[in-house]
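Here's the structure we're looking at; comments come further down.
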Amino acid sequence: MSNGSSVDRIRIFDTTLRDGEQAPGCSMTVSEKLRVAKALSELNVDIIEAGFPAASPGDFEAVKAIAERNLGPVICGLARCNAADIEKVHAAVKGADNHRIHVFVATSAIHREYKLKMAKEEIIKSAVNAIQMARELCDDVEFSPEDASRTELSYLAEVVAAAIEAGATTVNIPDTVGYTVPAEFDRLFRYLTEHVQRIDEITLSVHCHDDLGMAVANSLAAVVAGARQIECTINGIGERAGNCSLEEVVMAVKTRSEFFGLSTRIDTTRLYPTSRLVANITGMHPPRNKAIVGENAFAHEAGIHQHGMLQHASTYEIMRPEDVGISKSNLVLGKHSGRHAFRNRVIELGFDLDDFETNRAFLEFKKLADKKKDVYDGDIESIIMNAGSATAGPWTLKSLEVQTHTDEPATAIVKLIGEDGKEASESAHGDGPVAAAFQALEQATGVNMVLRNFELHSATIGEDAQGEVTVTVEIDGHSFRGRGASVDIVEAGCRACLEVMNRTLRRRSRGDSAADRSQSAHATI
Ligand code: KIV
Ligand code: ZN
């Protein structure tokens, strides 16, 4: 039995790589997805929804590559109710020992009438056929009636019963547009558990969006009413306002275990490092006051709170920072810190680097320590996230000189060193220092681009904090994202830009097409 009160474990189904990646600006390359999948397996999620293989060849390749790593969690792919989608998912996920096919079709009146133009019976037929087809390929099949929360209850119960009869092993109830409220969702789940025969033979799942800011609350209401799988994403990234945040829902179940009487298998000390990894890769950083992983989540400013904390932490703290993987010490390293101290800190921060990567990061750390007095955890994370790309040629930034003056165009001179030791030096003017420096980079590398987005984030506190820049640029009609970090924000922008230009030049010399490597939005559902 999967839903009864005797089962006290919640399965965590992570969809960062599928629903999360559908968020504007959050698309990832195959190698970035592999890094996230590895982090998710270390976090101990039960299921990774690795993508939507029919959406694009890139999505298919990413799901296949993740499945072939056989990381431990069940690897799942999403399909519409048609043979081509289902076969693509199966081909992509079958490399994993444990794999799942997830099929969905919309069921609400609005979707039936305006999107699908299908009658109620036709939708049930299409779901049943798809589930049966998927079951022929795989024992583990999930079904989702999209927009379930706006579907007539009695019809939803009919659809769910038919899905179970057809062989679905998990039935997921999505609040696709983030419309429901906890009390209403509780009623919906209780209605299903009371009216659908054999519902206790499958795992009942919940999938919430955050349009009204209630994704976590609605997911927890569903759990109280019998759901035993929660679909969620790291940092709550996802379509529009995002999905249910994994770190929040997991810590709610853990911190209030006496209320829920349930547990997850998540290693909560991996929450913060995983959040940082996803933020760094997507360039989408959680706000400072974000629960669990925001910079202020454990900061106590008010005197009265600080006084209470000094008497006993539990006065104002319901979780300990170390429970979610935030280091208590935020130990400061400096230019006299040696390789050993650096390596220990890297391990404590949750990174698993080989000797080559450690050496490369240590060299970057030494360079940074020469520029700024104190090197914080955020700096080390930034170095590690950017070390690989900073050193992958053909071009390396040798120097950058900018001149700005109010009322006059800015001038930039960039000097690059090529892999063959040759130097390229170019100067350019622009409305501001970033525009001038980017123009000079285009001239020096011969790669033309259109800047679509420039995001700046401070890696740590203080005036000498490193700026982390994420740029989104268009090259050859496709969208790419690059990252760079430096105490000088124009230099950070140049490093981000050069990362993309280098990738473009490597791709061109291999003869790959831009579409194979781009991060442009792929087909969504
Ligand atoms: O929000 C939604 O309805 C979905 C389904 C495909 C599960 O993401
Ligand atoms: Zn969704």
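Please read all numbers here as calculations on a predicted model, not as lab measurements. Excluded from the calculations below are hydrogen atoms, water molecules and symmetry mates; all remaining heavy atoms, backbone and side chain alike, are included. Numbers here are sequence positions counted from 1.
- Residue N98 holds its CG atom at 9.5 Å from SG of C138, rounded to the nearest 0.5 Å.
- The only option from V206, I10, T170 that meets the side-chain contact (heavy atoms from CB on, under 4.5 Å) definition with R228 turns out to be I10.
- Shown here for L153 and Y191, the closest heavy-atom pair between the two residues is O-CE2, 3.5 Å.
- A 4.5 Å side-chain heavy-atom check between R343 and I347 finds at least one atom pair inside the cut-off.
- Donor-acceptor pairing under 3.5 Å is lacking for the side chains of N235 and H285.
- Across all non-hydrogen atoms, the minimal contact from T282 to C26 is CG2-O, 3.9 Å.
- With a 4.5 Å cut-off on side-chain heavy atoms, I75 and R100 do not count as touching.
- Considering CE of M251 and CD1 of I318, their distance stands at 8.0 Å, rounded to 0.5 Å.
- In this pair, H209 and H207 present their aromatic rings tilted. The plane angle is within the 30 to 60° band.
- Between L333 and Y376 there is no side-chain heavy-atom pair separated by less than 4.5 Å.
- At least one test fails for R452 against the ring of F480: distance under 6.0 Å to the centre or angle within 45° of the axis.
- Side-chain N or O atoms of S41 include one that pairs as donor or acceptor with a backbone N or O of K38 at under 3.5 Å.
- The backbone N or O of G261 lies less than 3.5 Å from no partner atom in the side chain of S257, so there is not a single donor-acceptor pair.
- Between A127 and F143, the shortest heavy-atom distance links the atoms CB-CE1, 3.6 Å.
- No donor-acceptor distance shorter than 3.5 angstrom exists from the side chain of D140 to the backbone of I101, with no hydrogens or angles considered.
- The main-chain N or O of A215 is found under 3.5 Å from a side-chain atom of S219 such that the two form a donor-acceptor pair.
- Remark: side-chain polar atoms of E32 are paired, donor with acceptor, to backbone N or O of T29 under 3.5 angstrom.
- In this structure, R483 does not pair ionically with E455, as no charged nitrogen and carboxylate oxygen lie closer than 4.0 Å.
- In Y179, the OH atom is not crowded: 12 or fewer heavy atoms of neighbouring residues, nucleotides or ligands sit closer than 6.0 Å.
- The closest donor-acceptor contact from the side chain of H111 to the backbone of S108 lies at 3.5 Å or more, if one exists at all.
- Judged purely by distance below 3.5 Å, without hydrogens or angles, the side chains of E231 and N172 pair a donor atom with an acceptor atom.
- Side-chain N/O atoms of T107 and T151 include a donor and acceptor closer than 3.5 Å.
- At least one donor-acceptor pair under 3.5 Å links the side chain of T233 to the backbone N or O of I237.
- Ion pair R198/E201 flagged as a salt bridge, since at least one NZ, NE, NH1 or NH2 atom sits closer than 4.0 Å to an Asp/Glu carboxylate oxygen.
- Between L277 atom CG and T16 atom OG1 the span is 10.5 Å, to the nearest 0.5 Å.
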Trace of the side-chain contact (heavy atoms from CB on, under 4.5 Å) decision for S144 with H102: CA-CA 8 Å; S144 290; H102 178 186; 2.6 Å; yes
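- Taking every heavy atom of both residues into account, S479 and T472 meet most closely at OG-CG2, 3.5 Å.
- E364 and R360 are not joined by a salt bridge, as no carboxylate oxygen comes within less than 4.0 angstrom of a charged side-chain nitrogen.
- Residues passing the side-chain hydrogen bond (donor to acceptor under 3.5 Å, both in side chains) test with D211 are R240, sequence neighbours excluded.
- No side-chain N or O of N44 forms a donor-acceptor pair with one of D267 less than 3.5 Å apart.
- For the side-chain contact (heavy atoms from CB on, under 4.5 Å) test with Q229, the passing option among I47, D46, L204 is I47; the others fail.
- None of I131, V196, T169 except one satisfies the side-chain contact (heavy atoms from CB on, under 4.5 Å) rule with I164; the exception is V196.
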Test side-chain contact (heavy atoms from CB on, under 4.5 Å) applied to Y272 and E322, step by step: CA-CA 9 Å; Y272 184 68; E322 54 270 39; over 6 Å; no
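- Here the side chain of S275 pairs no donor or acceptor atom with the backbone of L271 at under 3.5 angstrom.
- At most 12 non-hydrogen atoms from other residues, nucleotides or ligands lie less than 6.0 angstrom from CD of Q197.
- With salt bridges taken as basic N to acidic carboxylate O contacts below 4.0 Å, one links K64 and E68.
- A heavy-atom distance below 4.5 Å is not found between the side chains of P174 and F104.
- When the shell of 6.0 Å around CZ of R69 is examined, it contains 12 or fewer heavy atoms from other residues, nucleotides or ligands.
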Stepwise side-chain contact (heavy atoms from CB on, under 4.5 Å) check, L78 with E49: CA-CA 7 Å; L78 183 68; E49 186 163 54; 3.7 Å; yes
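- With E87 contributing its side chain and A84 its backbone, the two residues share no donor-acceptor pair below 3.5 Å.
- Taking the side chain as every heavy atom from C-beta outward, V45 and L246 approach each other to under 4.5 Å.
- For the side-chain contact (heavy atoms from CB on, under 4.5 Å) criterion with P145, the lone passing option out of I123, I173, V105 is I173.
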Stepwise salt bridge (Lys or Arg N to Asp or Glu O under 4.0 Å) check, E194 with R190: CA-CA 6 Å; E194 278 160 25; R190 288 187 198 281; over 6 Å; no
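- Contact check on R270 versus E247 returns no salt bridge, with no Lys/Arg side-chain nitrogen under 4.0 Å from an Asp/Glu carboxylate oxygen.
- C76 approaches V93 most closely through the heavy-atom pair C-CG1, 3.9 Å.
- With contacts defined as side-chain heavy-atom distances shorter than 4.5 Å, the pair M214/P182 qualifies.
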Residues I384, V346; criterion side-chain contact (heavy atoms from CB on, under 4.5 Å); working and verdict: CA-CA 9 Å; I384 293 168; V346 166; 3.9 Å; yes
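- T269 OG1 to L43 CG: the interatomic distance, rounded to the nearest 0.5 Å, is 8.5 Å.
- Checked for salt-bridge contact, D147 and R150 meet the test: a charged N lies under 4.0 Å from a carboxylate O.
- Salt-bridge check for R503 with E499: passed, with a basic side-chain N closer than 4.0 Å to an acidic carboxylate O.
- N70 and D97 are linked by a side-chain donor-acceptor pair at a separation below 3.5 angstrom, with hydrogens and angles left out of the test.
- You'll find the side chain of D210 stays beyond 4.5 Å of the side chain of N243, heavy atoms only.
- Between V63 and V89, the closest side-chain pair of non-hydrogen atoms is not below 4.5 Å.
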Worked verdict on S27 versus E21 for side-chain hydrogen bond (donor to acceptor under 3.5 Å, both in side chains): CA-CA 5 Å; S27 53; E21 209 229 0; 4.7 Å; no
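- What you find for K115 and A106 is that their closest heavy atoms are NZ-CB, 4.1 Å.
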Chi angles and distances behind the salt bridge (Lys or Arg N to Asp or Glu O under 4.0 Å) call for D59, K88: CA-CA 10 Å; D59 256 42; K88 275 206 180 100; over 6 Å; no
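- At distances below 3.5 Å, not a single donor-acceptor pair connects side-chain atoms of D85 with backbone N or O atoms of N82.
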